[in-house]
Amino acid sequence: MKDSVQREINSHLEQLGISKKINLLPIADHLDFEGDFCFIVNTIAPKNPKQEGERLSKEIAALNSISDASIAVNDTGKNPIVYLNLKLSDEIKKQHYTDLIKSTCDNLADPKFGEVEDNVGKIAIVEHTSANPISPIHVGNLRNSIQGDTFARMLEKTGYRVFRHYLVNDGGLQIGFTVIGYQMLKEKGVKPAIKFDRWLGQVYAIMNLFYNSQRIKTKFMDKELDRDVYRISSEDLEKITEILESQRSQIELEMKVIEKQIAQTKDKKSLKNLKRELAKKKRDITKVVEESKEVVKYYDTSSDLSNRFPDMYHLLHESVKNIDLLQMTADYLYRYEKGEEKEIIDLFREMANWTLESFKWTLRRYGIVFDSFDFETDVTWSNLAEELLVRLSDTEECLIEGKAVRFRYEPKLMKAFMRDLGLKKSDLKIRGNIPDLQLSRSDGTSLYVMKDLAYTIQKFERRKADVVYNVVGEEQALAQFQLLPLLYKLGYHDYAKNLHHYGYEKVNLVGRTMSGRLARYVTSDQFYEESYVRARMAKRASEEARGESSPQSDEEYLEEEKILRAVTLATTRFPLIESSPNKRIHLDLDRELDMKRNSGPFVLYAHARANGILKKIQLKGKADFSILWNNQEVIQMVRHMATYEETLRRAVSEMDPSKLTDWIFKLAQLFMKFYEKNPIMKENDKGAKQAKLHLVLATKNALAKTMETIGIPVTERI
RNA sequence: GGGCACAUGGUGUAGUGGAAGCAUGGUGGCCUUCGGAGCCAUAGACCGGGGUUCGAAUCCCUGUGUGCCCA
């Protein structure tokens, strides 16, 4: 409709001797002006828009398809902006909207609604969650899981076959000392009396304390500290603080000397050197300050953990006394990485697998499952990282110092990279200077990035994937980006082009601090359970208000269980995807768990209402859509409905599920308004009644399908 | 030192160069209900300074604040 009117106006303007073309803009619903489209007169007459607008309004009002044309002036800026508002003739509108309502109803009521087939036959991998398997998945991790899972579901709706991968970090330092704690408890016959991940979270926190206490204390060994290296006593704290304090004043003295020199020096070169030195001293001071903060931190941690988990603390303390934990951790990690001793491998894998079982259980309740858990050590054992390192070492971008290899992102490389991949500068995530990347240590062992690179290539090859999305925190943006030119340099142009970093910002919990070190966090299990309980309270309260009885029979309980699960998923999943991923979330549990303030349950409620209508009134007989052509609520709804495919595509290409949640929420909202203003039962005209019912059916189906797409089941009742 | 984000009513957010939306809270209404977890009305906002443009919340430069990454 818009196109044909636009063509008509443009050709008329040409007859009037105006060669510039205009673009019609829709008039926003919130404006109370009665009209359909407008264009801005300034585009064709920037100098005298008011006069020209008045002249044109008469000319254009005479056109067949236009029933009215009038100008509106916005005078708030430097220059007035003149809008020419157009009202289309009723016949044209009636024809157009009748068709639109009918086709939209048909489209949305289709059982296959929600699917666009852009990527049929293609394969996508979404790697998400990948939390360290040493403590429970907390609410901070959960944003990753839910973003990743929702995005995977959206990719499926565009036709992709999607595989969900979890990268298991099973060889890091933290795993090293945790595994030792695990082994010691196992030898003593201790069995977890709580869910394994929570139990291991405590083991991790305590072993982390011991490890760091030893690390800190051995550094100050000659200073007559308490014999027990796994305990920082208050005397230790005092002594160490004193030492660090004197270090600090020493550096400050040195800084003053340099500052004096700077004041006296005029030579540019030595001035530059002095300033650099000064900056270095400043960094040294920050280091010392951080060190002393760390000592205090572990001193506090020690009393906190021994008070909260006295039994485990003492058991582990007794065991750890007999060993050198720093040494043993390094030893265990080395042996595991080598992958030759069955006993060590079994120990590490057993602990990881138990934790992953806990994670599976947790995430399953949120509707999240994985196709594959990929262990980092498997990548190590494949030796691909070493091969890649050798291949990269030969390139001109690599700077080799002994056995250490450094990769430099030179302008020449980046130009070739963009040219061969067909990228513009604005496509790059990092547009400024890219710092060098260390690929291997001075002893020749490859660094983490090489494993990451190897793993990326394995992902593409194993699944023959067309595209890979890594759901990883935004703080990793640089590291993720640095992989791309490496892939390019190795000749994997397609992989470099189709590896995407799906970034997201952190979650803060209002009023609670989360700390793995202290084994203090709101776990995803707690979040789910608290939501569930609140959902039940809300449901019981509303039943009471309506004078209904709570469930009596088994069937009724099962039915209620289904509803509560849907509501719980709505209250937990919705808030974590409803704002764009690059916004930090300050999650306020009281707010999110309050049904009235959370958009998720609102959508469920809208769906249940639509369902209620369809249960009461039969969909039967001929529908007359033409009666609804000037029904404001209907037109708003239908216009919104028609934007679904565009919205899904944008949500996928911009890696932002909130585009879709926004669409769903708006649809529910528009439906509620329609529902209030258009009583269906009391509708006298049979054709109109059926047409409205069709609209209700379309809404119900669209809500159900799109909620499914974001991982939330809907129910008939709520 | 370099880089990546973010900044919009009290609070949380949408916004694709074209008339600043939504939610929540505030205030005032609406239940002889196709399920009130709802609807209606109302007040309330683009971090500062430049630039590009007929027109900037949006693009460019710059400053400030917040979070983070690299060295």
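Proteins get letters first, then strands, A, B, ... in listed order; numbering begins at 1 in each. Nothing here was measured: the structure is a model prediction, and the numbers come from that model.
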Do the charged groups of [X] and [Y] touch, with an N to O distance under 4.0 Å?
X      : Y      : answer
A/E560 : A/R536 : no
A/E561 : A/R565 : no
A/E410 : A/K412 : no
A/D590 : A/R534 : yes
A/K673 : A/E676 : no

**OP:** Would you kindly check whether a donor in the side chain of A/R591 faces an acceptor in the base of B/U24, or vice versa, at under 3.5 angstrom?
**Re:**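 No, the side chain and the base share no sub-3.5 Å donor-acceptor pair.
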
Original post:
Do A/D656 and B/A14 have a side chain to base donor-acceptor pair shorter than 3.5 Å?
Top reply: no

Ignoring the backbone of [X], work out which of [options] is nearest its side chain.
X      : options             : value
A/E646 : B/C4, B/C54, B/U16  : B/U16
A/P435 : B/C70, B/C69, B/G67 : B/C70
A/E505 : B/G38, B/G67, B/A19 : B/G67
A/S542 : B/A37, B/C40, B/G2  : B/A37
A/N42  : B/C54, B/C69, B/C40 : B/C54
A/I81  : B/G18, B/U24, B/C34 : B/G18

**OP:** Show your reasoning for whether side-chain contact (heavy atoms from CB on, under 4.5 Å) applies to A/M655 and A/H500.
**Re:** CA-CA 9 Å; A/M655 297 188 273; A/H500 299 290; 4.2 Å; yes

Whole-angstrom distance between [N] and [M], as gauged at atom [atom1]:
N     : M     : atom1 : result
B/C31 : B/G12 : C1'   : 30 Å
B/U32 : B/U42 : P     : 25 Å
B/G38 : B/G50 : P     : 45 Å
B/G28 : B/A43 : P     : 15 Å
B/A14 : B/U52 : C1'   : 26 Å
B/C46 : B/U58 : C1'   : 10 Å
B/C61 : B/U27 : P     : 46 Å
B/G17 : B/C59 : P     : 8 Å

**OP:** Using heavy atoms to find the nearest nucleotide of RNA chain B for A/I430 and A/E716 separately, return the residue whose nucleotide is more 5′.
**Re:** A/I430

**OP:** On RNA chain B, check which nucleotide each of A/D594 and A/C38 is closest to and give me the residue with the more 5' one.
**Re:** A/C38

Would you indicate what [X] reaches in the nucleic acid, counting non-hydrogen atoms under 4.0 angstrom: base, sugar-phosphate, or nothing?
X      : result
A/I718 : base
A/K682 : nothing
A/A479 : nothing
A/R431 : sugar-phosphate
A/L478 : sugar-phosphate

Just how far, in rounded Å, is [atom2] of [N] from [atom1] of [X]?
X      : N     : atom1 : atom2 : answer
A/K673 : B/A37 : NZ    : C1'   : 17 Å
A/N598 : B/U13 : CG    : C1'   : 14 Å
A/D427 : B/C4  : CG    : P     : 15 Å
A/L428 : B/G3  : CG    : C1'   : 13 Å
A/L84  : B/G18 : CG    : P     : 18 Å
A/W663 : B/U16 : CH2   : P     : 20 Å
A/I434 : B/A71 : CD1   : P     : 14 Å
A/Y448 : B/C69 : OH    : P     : 16 Å

Under-4.0 Å side-chain N/O to phosphate OP1/OP2 contact, [X] with [N]:
X      : N     : result
A/K596 : B/A23 : no
A/R406 : B/A71 : no
A/N79  : B/G55 : yes
A/K659 : B/G15 : yes

Subject >> Contact list for RNA chain B against residues 562-590 of chain A - heavy-atom distance below 4.0 Å >> reply: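 Correct list: A/S579, A/S580, A/N582, A/K583, A/R584.
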
Original post:
Is there a residue in residues 665-672 of chain A whose heavy atoms reach under 4.0 Å of RNA chain B, and which residues are they?
Top reply: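 Listed by number, they are A/F665, A/Q669, A/M672.
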
Subject >> Approximate separation, where rounding is to 0.5 Å, of A/M681 CE and A/K692 NZ >> reply: 14.0 Å

Original post:
Can A/N23 and A/Q6 be counted as having a side-chain donor-acceptor contact under 3.5 angstrom?
Top reply: yes

Original post:
Do A/Y502 and A/Q480 get their side chains close enough for a donor-acceptor pair, meaning under 3.5 Å?
Top reply: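 A/Q480 and A/Y502 do not have a side-chain donor-acceptor pair below 3.5 Å.
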
Original post:
Which pair of non-hydrogen atoms, one from A/D68 and one from A/I66, has the smallest distance, and what is that distance?
Top reply: O-CG2, 3.4 Å

Keeping the roles fixed (side chain from [X], backbone from [Y]), state whether a donor-acceptor pair exists under 3.5 Å.
X      : Y      : result
A/N611 : A/E716 : yes
A/N144 : A/Y504 : no
A/E578 : A/D662 : no

Subject >> A/Y409 ring center near A/F407 ring center (under 6.0 Å) >> reply: yes

**OP:** For A/Y605 and B/G38, say yes or no: do the ring centres fall under 5.5 Å of each other while the ring planes differ by less than 30°?
**Re:** no

Original post:
Tell me, what's RNA chain B's dot-bracket, Watson-Crick or G-U with both distances under 3.5 Å, | for other-strand, [ ] crossing?
Top reply: (((((((..((((....[..)))).(((((.......)))))....(((((..]....)))))))))))).

Subject >> Parallel, tilted or perpendicular: rings of A/Y521 and A/H138 (30°, 60°) >> reply: parallel

